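Here's the structure, in structure tokens; my notes come after.
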Protein chains: 2
Amino acid sequence: MAKQPRSRRERPSKPALSREGIIVAALALFHEEGLAKVTMRRVAAVLDTGPASLYVYISDTEDLHAEILDALLAGIAEPSSPDDWHERLKGTLRSYMAVLFEHPELARMAMSTMPSGPNYLALVETILALLKEGGVPDGQAAWAVDLLLLFATAQAAEKAAWKASARSPSDFSSLAKIIETADAETLPNIARLGADLLSGRGDRLGWGFDVLINGILETRRMETKS
Amino acid sequence: MAKQPRSRRERPSKPALSREGIIVAALALFHEEGLAKVTMRRVAAVLDTGPASLYVYISDTEDLHAEILDALLAGIAEPSSPDDWHERLKGTLRSYMAVLFEHPELARMAMSTMPSGPNYLALVETILALLKEGGVPDGQAAWAVDLLLLFATAQAAEKAAWKASARSPSDFSSLAKIIETADAETLPNIARLGADLLSGRGDRLGWGFDVLINGILETRRMETKS
DNA sequence: ACCTGAACACCGTTCAAGT
DNA sequence: ACCTGAACACCGTTCAAGT
């Protein structure tokens, strides 16, 4: 059982560490096992070193995760298809959401880690350009990007929860039961609307985008008189 | 060093476990040390037992956290002050957000744990009543509650991030730097708007609510022609 | 049925020491 | 400067065994 002094290059010379290398390893891990497994320890193990070594290049676990999101955002391009800027904007948002939808855990993360990677910035730029095309004044546009991206991200994070969670079926049906059983005395409006509160009949997401866009077009920035 | 057989009632008879008792203990821990410390192990320790014992009453760590949010939501009442339903709705949403703002970690949690506690339900009921008062058709109202609460929660979760995180100052200023340094060639719109993208000058939150409310009032549910 | 000790399988981050 | 082993201080959840 004497410990074999492992030959100096069991793997063809361990490549030097670098931020990029770490991110590549993290990305691979992410695609194979999901965000939950992208931990400092696991990434370090893949790179055949200890977790402490990563801290030279990565400040945080969050830092690592944010880098993964930005990498996935590379696929988003401005749709040039319809002439209507309104529809093109919705298309852009939907394609951003598609990424988050495919990887629900990232939506949660994006909710709390103000992204600032190059691909995210490109997305912001695209949206600003579309708003400008739609004649939205600059002051409003600046706030509107935020609102639109917040909505898209939050919507994805919400769906993410009840898709990924094992408790979801019971959660959802128990919620449905609560709503259907809602006491008409104390919760008349919930009782009246019933299942409609939960249903996604119709294009609920599209309606949400329309609400936002219509609202943005018609709400002056400084008119707050309250 | 013989182990003293501890007298049978060192504490005046350990109270029997119960879901309520566990939640009370969790709530105390939450107020003293924050959500991060509300773990199965810590709560069990407070109750002078092992973590395994809690699983008879609590299904999950998430279950525990959701219960904490609902407890905090007890304080939200419908404001009866202004006659304008529009303003009353904004007031209700702001008071919901105030809770999340005070306890930022909970906003993140609410993002991914579809709440269904009695106090949350009461909040939904209040909002539905206000929308009805405002003449919003039922079909739209059902979706609108969701949209409004999603926005409020997401907004709180977002602020939560850069308030709670130690990295926030560097994060924020680095983002600001990126935006100010934005290449006018590749990111013309970001470069043009600059600091306006980040600034909260003016009532940004209020503007968001107005956008939503205006949009809700003007966007028919089935008009999606795309 | 309820409760528990102990174990399984992990975490993030820091630090002193090496190269 | 960069890299590392080892340690510190934790986690959630399950399971076999007890009462």
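Here is the naming used below: chain letters follow the sequence lines, and residue numbers restart at 1 for every chain. It should be emphasised that the depicted structure is a prediction, and the values quoted were computed from it without experimental measurement.
A pairwise comparison of heavy atoms in A:Leu187 and B:Ala122 identifies CD2-CA, 4.3 Å as the closest pair. Nearest heavy atom pair, residue B:Leu130 against residue B:Leu89, reads CD1-CA, 3.7 Å.
Of the two residues near DNA chain C, B:Arg41 and B:Leu17, the one whose nearest nucleotide lies more 5' is B:Leu17. Mapped onto DNA chain D by nearest heavy atom, B:Met40 and A:Pro51 fall at different nucleotides, with A:Pro51 at the one closer to the 5' end.
Across all strands, A:Ser53 comes closer than 4.0 Å to base atoms (heavy-atom distances). At the heavy-atom level, A:Thr61 lies under 4.0 Å from the strands shown only through sugar-phosphate atoms.
Listed nucleotides D:dT13, C:dA6, D:dG5 differ in distance to B:Ala52; the shortest reach to its side chain belongs to C:dA6. Checking C:dC11, C:dT13, D:dG12 against the side-chain heavy atoms of B:Thr39 singles out D:dG12 as nearest. Checking C:dT13, C:dA7, C:dT4 against every side-chain atom of A:Asp60, the shortest atom distance belongs to C:dT13.
For the C1' atoms, the distance linking C:dT14 with D:dC3 amounts to 14 Å, nearest Å. Rounded to a whole angstrom, the distance from the P atom of D:dA9 to that of C:dC10 is 23 Å.
Note: CD1 (B:Ile58) to C1' (C:dC3) measures 15 Å, nearest angstrom. Distance CG (A:Leu64) to C1' (C:dC11): 14 Å, rounded to an integer number of Å. In this entry the distance linking OH of A:Tyr55 with P of D:dA7 reads 18 Å, nearest Å. Counting to the nearest Å, the C1' atom of C:dC11 and the CZ atom of A:Arg42 are 12 Å from each other. Atoms CG (B:Leu29) and P (D:dC11) sit 10 Å apart, rounded to a whole Å. Atom CG in B:Asp63 sits roughly 13 Å away from atom P in D:dG12 (whole-Å rounding). For the pair B:Leu54 CG and C:dT4 C1', the computed distance is 11 Å after rounding to whole Å. Remark: P of D:dG12 and CD of B:Glu62 are 12 Å apart, rounded to the nearest angstrom.
Remark: D:dG5 base-pairs with C:dC15. Criterion, Watson-Crick or G-U wobble with two distances under 3.5 Å. With a cut-off of 3.5 Å on both pairing distances, C:dC10 has no Watson-Crick or G-U wobble partner at all.
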Would A:Arg19 and A:Asp63 count as a salt bridge (charged side-chain N to carboxylate O under 4.0 Å, His left out) here? Give the steps.
CA-CA 11 Å; A:Arg19 182 167 237 263; A:Asp63 188 8; 2.5 Å; yes
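Aromatic ring centres of B:His65 and B:Phe30 lie farther apart than the 6.0 Å criterion allows.
Between A:Asp203 and A:Arg94 a salt bridge is recorded (basic side-chain N to carboxylate O distance below 4.0 Å).
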